[in-house]
Amino acid sequence: MNLLADLRRRFRIALELLDTGAGEVADMVLPSKDPKFGDYQANCAMPLGKRLGRPPREIAQEIVDRLDVADLCDPPEIAGPGFINLRIKDDWLLKNLSQKVPDQTQLGVVPTEQPRTFVIDFSSPNVAKPMHVGHIRSTVIGDALCRILRQLGHRVISDNHIGDWGTQFGMIIYGYKNFADDQAFEKDTVGELSRLYKLVNQLVEYHVIREKKIPAIEQQIVELAARLEQMHDATELEDPKDRKKADKRHRQAEGQLVELRATLDSLRNHLSAVENDSLLGPLASEHAQIGSAVLAETAALHAGDQTNQSLWDRFLPACLESIDETYQRLNVTFDHALGESFYHDRLAGVVEDLTERGLVRESEGAKCVFLKDDDAPFIVQKKDGAFLYATTDLATVEYRMSEWTPDAMIYVVDHRQSFHFKQLFETVKLWGYGDVQLEHVSFGTVLGEDGRPYKTRSGTAVGLGGLLDEAVERALKIVCENDDARDTPLLSQEQRQTNAERIGIGAIKYADLAHNRTSDYVFSYDKMLAMNGNTAAYMQYSYARVRSIFGKGDIDIDSLRSSGSPLQLTHPSERALALALLQLSETLQRVATDFRPNHLTAYLFELASAYSSFFEHCPVLKAEDAGLRNSRLLLCDLTARTIARGLNLLGIEVVERM
RNA sequence: GCGUCCGUAGCUCAAUUGGAUAGAGCACUGGUCUUCGAAACCAGGGGUUGGAAGUUCGAGUCUUCCCGGGCGCACCA
């Protein structure tokens, strides 16, 4: 049962009766923000008033006259400029809530009438390097969207587009050939590969800094300094406006200069740190050509070189295993994990096909799809003949379309790649896939407490495993402290550990999902593990608290659920809770339309608040009579199940006691 | 330079995509355990939504111009 959808359906009918085509404003029926305006409000009379050239209040009245909601709402009220306020009848709430009581699986969420097929592309780690903080958002948001869309009855195909064919593999191949420790490799393959990756990466980075970055910055500094000189000459401008502008530019340029010098210093420090390192220093000078050597190893792999291919075959399973460990811990699964290598032999065909259709033009030796004249083209083949990210993405689209014919393809990838996806989507349309909905579900950056992207003190990316470890560790500390503070502790050591795992991982996921995905957010263990506010820990606590009632009262909730014992609403807070319980369905629908899981966290938090208020005003175990007691127990049960289901749809587990 | 996103309470974030008096948590002040879990709850103070103008019944949201930032812009992914 989707209450909001039902109301909108009824409004659509009334609106069409009023004026053909007016049904489209039925979406302006929304839940009210303030209870004094009722439960729902329809705001469609105002725009319609404009369109029909008549007073909106008059229109509102005519809508109400044609509206068939007598079974659902009290008589609608018209307020202000033409708002129509709706209050759901208690009878109707009771009837629908009762249907949810025995519904174990769906909790009253009805499958959509128009199921669609979604391909969701998310997580996409590079296998040779360890997963880091940058993978959290894609993984967590993508997984939540899969779960929610499935709950709504859609067909969802999740696909992890793993980076298993790129330069990182060239790095570990080069590393293996030059620096491998065979014993370590036998003992701990993943650990050794990871060491090799880091080592080679450091060496490559050293030479890039030395030969490219530092000269580039030095030149920028020279140019900027020269520009500053010229600017001095321009301070004698007549027009105050021009002078102000010139001043601003001057200030900005000075700022940039300071920044560039600081960067230069830190890069030089980095170089000398490597040079003075007893291990890295000699290796750096011995492997002066490491950058091009790594590219050569990568190219050899792509060209089918026997040795490199067999190394790849040996390395890949170990890499995947390590990634799977993380996914297991996060409780994330995929239907497919078709990485870049899967598409390798299709890339030439993609370029051929695009060329045949006249979409490709050669420019500076590269094969490009030009989309807008003044923009950079979408390059599908480099001048050296190699294919790129863009080519693989196109091959992926082609494969998914032919294999699954989806209605929508969703990429959960950070916002920095929006230009790439814009180009990809435009190219795909030109290529002939006009119907499929292509969506870049982008998200912002995870920041540290200093407001800069979250990094370790030394400036490297924070590993995902360590991040989870720390969250769990902190959760364990909190769990133990609180349990020890009780007269008689509730939890065994084992339960404490399980709880800490669920609470810690849940905290990270929830914090990520609770923020509007398009904005950056500041990562803070203290905030995400707080017991107050919109956090996983608070929701898990709410759940455990509700559930404890059944133990305390020695209630067999399963049999009460199937007993047919009726519900009743005797207090405003009881009614508010009932209404909230009925709004899960429309909330999920809302998450699905704009791919924003934070609507669901907000809903859960409001539900928990509604429960708090109910719990304060309405004695449950000590209710006046047995009928009311049973009714309230059932409300508790529905609350617990709704919280558990909501969290589950976010990929978070509950705990029975904490 | 071009493109794009952002600026909301002291701090961290919401705001149903143009709806009614901009909401939460933290922090601050005060109140709740002799009745269901106080890891909690309730109440209070705190805002020119970066600034200015405009569009309209109605603007945090749309337009224009400023101020301040993030990110991306040809052969990496």
Side-chain angles (χ1 to χ4, degrees), chain A residues 4 27-28 30-34 36-37 41 43 46-47 49-50 55-56 79-83 85 124 126 163 166-168 248 340 363-368 374-384 386-390 392-393 413-420 422 442 444-445 447 449 451-453 478-479 481-483 485-486 490 514-516 518-522 524 526-527 530-535 537-538 540-542 544-553 586-587 590 593-594 596 598-599 601-602 605-606 609 612-613 615-616 618-623 632 636 657-658:
Chain A
L4 181 58
D27 284 351
M28 297 185 81
L30 299 166
S32 298
K33 268 185 199 157
D34 192 325
K36 81 177 176 220
F37 299 130
Q41 58 177 304
N43 306 330
M46 283 83 81
K50 171 137 237 171
F83 295 106
N85 292 335
S124 319
N126 282 318
T167 315
Q168 346 84 25
K248 190 185 151 187
E340 290 168 345
S363 167
E364 298 173 31
K367 292 193 177 166
C368 310
D374 42 353
D375 265 348
F378 199 45
I379 301 178
V380 294
Q381 189 170 14
K382 303 202 291 188
K383 62 181 167 201
D384 66 5
F387 303 106
L388 308 94
Y389 183 40
T392 313
D393 272 356
V413 180
D414 86 274
H415 73 282
R416 285 174 299 189
Q417 296 193 36
S418 56
F419 184 61
H420 166 77
K422 198 171 158 245
S442 70
T445 312
L447 306 174
E449 310 249 8
R452 316 269 323 154
I478 296 170
V479 166
E481 273 170 13
N482 285 302
D483 202 37
R486 277 188 248 261
L490 284 172
H515 289 95
N516 183 329
T518 56
S519 41
D520 298 346
Y521 75 91
V522 174
S524 157
D526 288 337
K527 289 207 169 81
M531 288 306 305
N532 277 317
N534 194 10
T535 67
Y538 176 75
Q540 287 162 326
Y541 175 76
S542 302
R545 212 167 50 138
V546 178
R547 293 281 297 171
S548 74
I549 291 181
F550 306 136
K552 176 96 181 179
E586 65 194 50
T587 302
R590 214 178 131 202
T593 22
D594 51 10
R596 286 179 199 271
N598 67 311
H599 295 317
T601 60
F605 186 55
E606 278 161 28
S609 306
S612 282
S613 173
F615 190 67
E616 181 162 340
C618 304
V620 178
L621 293 172
K622 297 183 178 164
R632 287 181 176 166
C636 290
R657 299 166 136 203
M658 67 187 277

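Each chain gets a letter, A, B and so on, in the order the sequences are listed, and its residues count up from 1.
In the set G72(B), G37(B), A14(B), G37(B) carries the atom at the smallest distance from any side-chain atom of Ala544(A). Of the candidates A15(B), C36(B), A39(B), the closest approach to any side-chain atom of Leu621(A) belongs to C36(B). You'll find that the side chain of His599(A) is closest to A15(B), out of A15(B), C41(B), A74(B). Closest to the Arg545(A) side chain, of the nucleotides C42(B), A15(B), G37(B), is G37(B). For Ile379(A), whose side chain is taken as the heavy atoms from C-beta onward, the closest listed nucleotide among U16(B), A74(B), A39(B) is A74(B). Among A77(B), C57(B), A39(B), the nucleotide with an atom closest to any side-chain atom of Val479(A) is A39(B). Comparing A77(B), A14(B), G19(B) against the side chain of Asn598(A) picks out A14(B) as the nearest. In this structure, of U56(B), C36(B), A74(B), it is C36(B) that holds the atom nearest to the side chain of Lys552(A). Considering only side-chain atoms of Tyr541(A), the nucleotide from U16(B), A40(B), C73(B) that sits closest is A40(B). Side-chain atoms of Tyr389(A) lie closest to A77(B) of the nucleotides A77(B), A74(B), C36(B).
If you take OH on Tyr389(A) and NE2 on His420(A), they are separated by 4.0 Å, rounding to the nearest 0.5 Å. For the atom pair Tyr541(A) OH and Asn532(A) CG, the distance stands at 10.0 Å (nearest 0.5 Å). Interatomic distance, Gln41(A) CD to Phe83(A) CZ, rounded to the nearest 0.5 Å: 6.0 Å. In this structure, OH on Tyr521(A) lies 10.5 Å from OG1 on Thr445(A), to the nearest 0.5 angstrom. One distance of note links CD1 of Ile549(A) with CG of Leu621(A); it measures 6.0 Å at 0.5 Å rounding.
Taking the C1' atom of each, U17(B) and A52(B) are spaced 25 Å apart, rounded to whole Å. When the C1' atom is used for both A38(B) and C33(B), the distance is 6 Å, rounded to whole Å. Here, G19(B) and U61(B) have their C1' atoms 11 Å apart, quoted to the whole Å. For the P atoms, the distance linking A59(B) with U16(B) amounts to 15 Å, nearest Å. A gap of 33 Å separates the P atoms of G44(B) and C62(B), to the nearest Å. Comparing the P positions of U8(B) and U48(B) gives an interatomic distance of 12 Å, to the nearest angstrom. A gap of 39 Å separates the P atoms of U63(B) and A27(B), to the nearest Å. A20(B) and U49(B): their P atoms are spaced 15 Å apart (whole Å).
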Test log, rule side-chain hydrogen bond (donor to acceptor under 3.5 Å, both in side chains), inputs Ser524(A) and Asp526(A) = CA-CA 5 Å; Ser524(A) 157; Asp526(A) 288 337; 5.3 Å; no
Step-by-step side chain to side chain contact (heavy atoms under 4.5 Å, CB included) determination, Leu388(A) to Ile379(A) = CA-CA 8 Å; Leu388(A) 308 94; Ile379(A) 301 178; 3.9 Å; yes
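Contacts of Pro47(A) with the nucleic acid, taken as non-hydrogen atoms under 4.0 Å apart, include base atoms. Base contact: Val620(A) has a heavy atom under 4.0 Å from a base atom. Within the 4.0 angstrom heavy-atom criterion, base atoms lie near Gln417(A).
For C73(B), the base adopts the anti conformation, since its glycosidic angle falls more than 90 degrees from zero. The glycosidic torsion of U17(B) lies within 90° of 0, which places this base in the syn conformation.
Distance NE2 (His415(A)) to P (G3(B)): 18 Å, rounded to an integer number of Å. Taking atom CD of residue Gln540(A) and atom P of nucleotide A40(B), one finds them 14 Å apart after rounding to whole Å. What separates CZ of Phe615(A) from P of U35(B) is a distance of 13 Å, to the nearest Å. The distance from atom CG of Asp526(A) to atom C1' of C13(B) is 16 Å, rounded to the nearest whole Å. Following rounding to the nearest Å, Arg547(A) (CZ) and G37(B) (P) show an atom-to-atom distance of 14 Å. Counting to the nearest Å, the C1' atom of C33(B) and the NZ atom of Lys622(A) are 13 Å from each other. In this structure, Arg416(A) atom CZ and C76(B) atom C1' are separated by 13 Å, rounded to whole Å. Distance CZ (Phe378(A)) to C1' (G72(B)): 15 Å, rounded to an integer number of Å.
A donor N or O paired with an acceptor N or O is found under 3.5 Å between the base of A74(B) and the side-chain atoms of Ser363(A). For Arg596(A) and U17(B), a side-chain-to-base donor-acceptor distance below 3.5 Å is present, hydrogens and geometry of angles not being considered.
Figure legend: Arg545(A) and Phe615(A) shown as a cation-pi pair, the cationic atom lying under 6.0 angstrom from the six-membered ring centre and within 45 degrees of its axis.
Note on Ser519(A): a side-chain N or O is less than 4.0 Å away from OP1 or OP2 of A14(B).
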Each base of RNA chain B marked ( ) or [ ] if paired in-strand (Watson-Crick or G-U under 3.5 Å), | if paired to another strand and . if unpaired gives (((((((..((((.....[...)))).(((((.......))))).....(((((..]....))))))))))))....
With sugar-phosphate taken as primed atoms, P, OP1 and OP2 and all else as base, the protein-contact string of nucleotides 20-32 of chain B at under 4.0 Å (heavy atoms; B, S, -) is BB--SSS------
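Two residues, Asn516(A) and Cys618(A), neighbour RNA chain B, and the one matched to the more 5' nucleotide by heavy-atom proximity is Asn516(A). Mapping Ala602(A) and Ser612(A) onto RNA chain B by nearest heavy atom places Ala602(A) closer to the 5' end of the strand.
Considering every non-hydrogen atom in both Arg657(A) and Leu490(A), the closest pair reads NH1-O, 3.4 Å. When every heavy atom of Tyr538(A) is checked against every heavy atom of Ser612(A), the shortest pair comes out as OH-OG, 3.9 Å.
Side-chain atoms of Lys36(A) and Asn85(A), non-hydrogen and from C-beta on, never get closer than 4.5 Å to each other. Using a 4.5 Å heavy-atom cutoff, the side chains of Val522(A) and Lys527(A) are not in contact. Residues Glu364(A) and Lys383(A) fail the side-chain proximity criterion, which asks for heavy atoms closer than 4.5 Å.
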